[in-house]
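Atoms within each ligand, like the ligands themselves, are counted from 1 in listed order. Since this is a predicted model, take the numbers as computed values, not measurements.
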Amino acid sequence: MANESPSLPERIPYHLAVIMDGNGRWARERGLPRQAGHRAGSENLRRVLRACGEFGIKILTIYAFSTENWGRPEDEVRGLISIVENVIDRELKHLHANGVQLRHLGELEGLSPELQQKVRNAVELTRNNDHLTLNIAFNYGGRQDLIQAFRRIVQAGIPPDQINETLIDYYLYTTGQPDPDLVVRTAGEMRLSNFLLWQASYAEYYATPVYWPDFDREELLKAILHFNRRERRFGLVPQP
Ligand code: IPE
Ligand code: IPE
Ligand code: MG
């Protein structure tokens with residue numbers, strides 16, 4: 001499908017990470033409860049996934065619920081968690097049929113046993129799919145990721161002189177995956193909010209004022225075009 005559109009940019013990020021922000025503001029502007037914004041946001045996922053497939057993006061990481069989001073009002077937290085559960089229930093068959101491999105970035109601990117089981121089942125069912133990998137960062141914190149990695153490194157008795165970037169990569173939630181090339185944040189904020197702290201160290205960053213429920217194929221294309229105009233230097237001098 002990627003070849004059908006003549007207007008596709010030359011370079012497509014292999015790994016795209018998205019901070020899906022602005023559901024609350026989207027709802028408020030419509031006089032709706034915040035939960036309606038979260039629902040609209042979850043419905044937008046299918047559209048963005050389809051566009052990622054069309055553009056040839058191989059890994060999509062979405063930030064769905066942070067370790068800090070537990071501090072929101074109880075009913076909003078409950079609503080957000082039930083949306084994740086509904087997305088798994090509603091979309092799993094469709095994702096699997098479309099060759100999507102699902103991975104969870106974050107801790108299962110702290111979630112209900114039913115949801116833990118649903119996440120495990122979804123990951124297990126789709127583990128051999130290779131069209132596109134969808135990482136759902138849920139009950140996720142970038143600092144928590146580093147903490148759990150360091151704990152397991154110590155538990156494994158790894159001597160200090162063997163600790164290097166490759167080893168730390170291996171112990172992170174994203175084990176086996178290349179770092180994101182592009183991090184997109186919707187709804188305008190210019191911060192990472194504890195997302196992919198280690199992995200995004202050389203990612204390009206793109207922020208758009210568009211709220212997540214309105215972020216569609218055209219908006220994604222803009223982000224990729226922007227990525228194409230960037231010169232990635234990785235600490236070196238400009239290319240002649
Ligand atoms: C993003 O939308 C969804 C989550 C953080 C879970 P928000 O709920 O943060 O929306 P705003 O930032 O209040 O508009
Ligand atoms: C970041 O959005 C977390 C997710 C998108 C899941 P937040 O809305 O929670 O971040 P802050 O509070 O603006 O930093
Ligand atoms: Mg927000």
Query raised in the report: Can an N or O of Arg185 be found at a distance shorter than 3.5 Å from an N or O of ligand 2?
Result: yes
Query - Distance-only donor-acceptor check, side chains Asn23 and His38, under 3.5 Å - result: yes
Requested in this report: Could you tell me which atoms of ligand 2, counted from 1 in the order shown, lie closer than 4.0 angstrom to a heavy atom of Arg72?
Outcome: 7 (P), 8 (O), 9 (O)
Query raised in the report: If you count the atoms of ligand 2 from 1 in the order shown, which ones are under 4.0 Å from a heavy atom of Arg191?
Result: 11 (P), 13 (O), 14 (O)
Query - Protein residue, atom and distance nearest to atom 2 (O) of ligand 1, heavy-atom basis - result: Asn23 N, 3.2 Å
Query raised in the report: Closer than 2.8 Å to the Mg ion (ligand 3), how many protein N/O/S atoms do you count?
Result: 1
Query raised in the report: Which residue, Glu107, Arg103, Gln148, forms the side chain to side chain donor-acceptor pair (under 3.5 Å) with Tyr173?
Result: Glu107
Requested in this report: Find all atoms of ligand 1 within a distance of less than 4.0 Å from any non-hydrogen atom belonging to Leu80, and give their numbers and elements.
Outcome: 6 (C)
Query - Whether Ala187 lies under 4.0 Å from ligand 1, heavy atom - result: no
Report task. Pull out every atom of ligand 1 sitting under 4.0 Å from any heavy atom of His38, numbered as shown with elements. Result -> 3 (C), 8 (O)
Report task. May I ask you to list the atoms of ligand 2 that are less than 4.0 angstrom from any heavy atom of Asp21? Result -> 2 (O), 8 (O)
Report task. With heavy atoms under 4.0 Å as the rule, classify the contact between Arg28 and ligand 1 as side chain, backbone, both or neither. Result -> neither
Requested in this report: Ignoring hydrogens and angles, tell me if any N or O in the side chain of His104 forms a donor-acceptor pair with the backbone of Phe138 under 3.5 Å.
Outcome: yes
Query raised in the report: With a 4.5 Å limit on heavy-atom distance, are the side chains of Gln199 and Leu172 in contact?
Result: yes
Report task. Grab the two heavy atoms, one from Ile19 and one from Arg191, that are nearest each other, plus how far apart they are. Result -> CD1-O, 4.0 Å
Query raised in the report: Can you name the closest pair of heavy atoms from Ala187 and Gly22 and give their distance?
Result: CB-CA, 3.5 Å
Query - Within 45° cone and under 6.0 Å: Arg30 NZ/CZ vs Trp26 ring - result: yes
Report task. Report, in ascending order of atom number, the atoms of ligand 2 lying under 4.0 Å from any heavy atom of Phe65. Result -> 6 (C)
**Report entry** Flag for Asn139-Trp70: side-chain donor and acceptor within less than 3.5 Å
**Finding:** yes
Requested in this report: Indicate yes or no: does Arg78 engage Glu76 in a salt bridge with an N to O separation below 4.0 Å.
Outcome: no
Query raised in the report: Which part of Ala64 is near ligand 1, with near meaning a heavy atom under 4.0 Å away: side chain, backbone, both or neither?
Result: backbone
Query raised in the report: Which residue holds the protein heavy atom closest to atom 1 (C) of ligand 1, what is that atom called, and what is the gap in Å?
Result: Met20 O, 3.0 Å
Query raised in the report: Can you list the atoms of ligand 2 that are under 4.0 Å from a heavy atom of Ser193?
Result: 1 (C), 10 (O), 11 (P), 14 (O)
Query raised in the report: How about Asp169 and Thr166: does a side-chain donor come under 3.5 Å of a side-chain acceptor?
Result: no
Report summary line: for atom 10 (O) of ligand 1, nearest protein heavy atom and its distance come out as Gly24 N, 2.9 Å
Report task. Check for a donor-acceptor pair, side chain of Thr126 on one end and backbone N or O of His96 on the other, with a separation under 3.5 Å. Result -> no
Query raised in the report: Would you say Leu16 and Asp181 make side-chain contact, with heavy atoms under 4.5 Å?
Result: no
**Report entry** Any donor-acceptor pair under 3.5 Å from Asn44 side chain to Ala40 backbone
**Finding:** no
Query raised in the report: With atoms numbered from 1 as shown, which atoms in ligand 1 lie under 4.0 angstrom from a non-hydrogen atom of Asn69?
Result: 5 (C), 6 (C)
Query raised in the report: Salt bridge or not for Arg34 and Glu29, using N-O below 4.0 Å?
Result: no
Query - Sub-4.0 Å protein heavy atom near atom 12 (O) of ligand 2 - result: no
